[in-house]
Amino acid sequence: MTSTATSTDDDFDALRARLHRAIPGGAHTYSRGDDQFPAIAPPLFVRGKGAYAWDSAGNRFLDYGMALRAVTLGYADPRVNAAAAAEMEKGVNLTRATLTELHAAETLIDLIPSIEMVKFGKNGSNVTTAAIKIARAYTGRRYVCVPRQQPFFSFDDWFIGTTALKRGIPTDQTSATLIFDYNDFGSLKALFDAHPGEIAAVMLEPATTLTPCPPACTRQSGWPDTGTCGGCECNPQNFLQQVQALCRADGALFVLDEMITGFRWHLQGAQTFFGVQPDITTFGKGMANGFSVAAIGGRREVMEVGSINRPGMERTFLLSTTHGAEMTGLGAFIETARIYRDEDVTGHLWRYGQQLRDGMNEVAARHGLSKHFMTDGPAISLNYLTRDRDGAMSLPLRTLYAQELMKRGVMMPWIAVSQSHGAAELAQTLEAVDGALGVYAQALDGGVENFLQGPAIRPVFRTHN
C-alpha cells in the first residue's frame, strides 16, 4: 500500500470498537461490514479522490469498490461537486417543487426511452418497493416475481423475508413474493400458470455476471457499448424479451431494476443494450457519482397511479419523501448525465474492463492458476472466482486474494470500474495481481489457513453471526 503515515493494529481495533459501539453492524450498509473484508483492511476511509481512497493512517488504496458501485466518474469529481455546491447555494430543499427537480426529471425522461414520468428518492430500496406498490395498484393483483440468482432488491420485508434473514419479518409479508430462476423461462412461466391473472409484476436486474444471452453468444467476449443484443444471431429472442412478452400477454408489469446496470452498460441503460422496454425502471447507483439519488420511472399510464390531478381517481400513496428532491443530489445527477453524454463514459468502462479481464487471466495463466482463479461475466460486470484444489468455490481463497492485493495497495472486494481508472491504475493493478497470485499459488499447496491473516469473509445473507 502507498503510505504517508503509520498506524498500529491497536489504532484500527479502537476505531472498529467505536464503529460497532455507535452503529449497528459498524456501517450503514452490510456490504461495508468487517465480515466482508480481510482482517487487515482498514476499518474506515477518511477521503477519496479519483480512483483512490485513504484510510485514517494516511495509507492510499487503489479502489475497485467505488462506494458500492455508486461512483462511476471518480471520487470528488470537481465538475459534479461544483454542480452540487451551486444547488446548495440555492437553498438545498425548498417548500414547493423546485426548478432543479423539474430539470432532473426531464433529464432522465429525455435520456431513457421507456420513461415518461419519474419520481426521485434517496436510496434504491425505497424506489424498488415503490415499483411493487405501483404494479399492485395499477393491476389490482397480488403477486410479484423475482429471480433467486439476484441477491438484493430491497431492505423492505416483501423481499428480505425471502432470504435467509427472516428475523423480525412476519411470514405474511413475503407470501406474495414468488421466486423463479434467471435465464430459465420455464420456471417463470410455471409461476404464471400456477397463479393465472394474479401476478402484478416481474422484477429483475437485466444482467449481472449472468446475462440474458447464452454463453455461446458470439458477442459475449467483447460487447461494445453501442449495439444491442436484442437481435444477435445466436439468440434472436433473449431472456429479457421473453419475460417482456409474457408480461405483456398476461397483463403483468415488466419491471427492470437498473440500480447497477444503469449508467454502466449503456448511456440509456441495459434495457437499450438488450433491446427491451420495461413498464417501470428503477435507478440509483451511478446516477450522481456517489450523491444520494435514486429514481423510479416508467410509462405515464402506470406512473400516474401516484398523481393528484386526475379528478375522481382512487389515490395511491406513492413515494412521499422530504429529501427525495434535495437539490444538491439532483444537481449532481444533471451534471453526471451531461458528462456521460459528452465523454463516452460507458465506452471507457467497457474498454477498461476488457483490459483488466485479459490482464488478470494472463497473470493467472502464468502462475498456473487458470483452473483455480478466473474472471466471470462480461467486461462491464466483472467478478473473480476463487477455487480450491478440488475446483470448489472457496471464500478463504477469495479472502486471501483480497488480502494480498490490499498489501500491495489495491482494494478489490468486487470489481467496479470508474472513469478515473486509467493506464496507470491498470498497470498498478496487474502488478499487484501478480504478487497476490504468487501467494495464492503457494496457499493452494501449503494450505490457505497458513497464509490468511484472520477469518475468511462471510456471506451477508446468513442466519447467524
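The first residue in the sequence is number 1, and the count goes up from there.
Ion pairing between a basic and an acidic side chain is recognised when a charged N comes within 4.0 Å of a carboxylate O; R351 and D344 show such pairing. A salt bridge does not link R79 to D342: none of the charged nitrogens lies less than 4.0 Å from a carboxylate oxygen.
The aromatic rings of F273 and W350 sit parallel to each other, their planes meeting at less than 30°, with 60° as the upper class boundary. Using a 30° and 60° split on the angle between ring planes, F373 and Y401 fall in the tilted class, from 30° to 60°. Between F239 and F180, the two ring planes are tilted [angle within 30° to 60°]. Ring geometry for H421 versus Y64: interplanar angle of 30 to 60°, hence tilted. Below 30°, between 30° and 60°, or above 60°: for Y340 and F263 the angle between ring planes is above 60°, a perpendicular geometry.
Counting only distance, with no hydrogens or angles, the side chain of T328 and the backbone of M88 share no donor-acceptor pair below 3.5 Å. Judged by distance alone, the side chain of E205 and the main-chain N or O of L256 form no donor-acceptor pair under 3.5 Å. Checked by atom type and distance alone, the side chain of K119 pairs as donor or acceptor with a backbone atom of L319 at under 3.5 Å.
At least one cation-pi condition fails for R248 and F254: the charged atom is not both under 6.0 angstrom from the six-membered ring centre and inside a 45 degree cone around its axis.
Using a 4.5 Å heavy-atom threshold, the side chains of Q271 and T281 count as touching.
T177 contributes atom OG1, which lies 11.0 Å from atom CZ of F153 (distance to the nearest 0.5 angstrom). Put simply, CD1 on I199 and CG on L246 are 7.5 Å apart, with the number rounded to the nearest 0.5 Å. Here the CD atom belonging to E87 is positioned 11.5 Å from the CG atom belonging to N93, to the nearest 0.5 angstrom.
Results of the side chain to side chain donor-acceptor pair (under 3.5 Å) test with Y138 over E301, K133, E304 single out E301 as the only residue that passes.
Of all heavy-atom pairs between W158 and T129, the closest is NE1-OG1, 2.9 Å.
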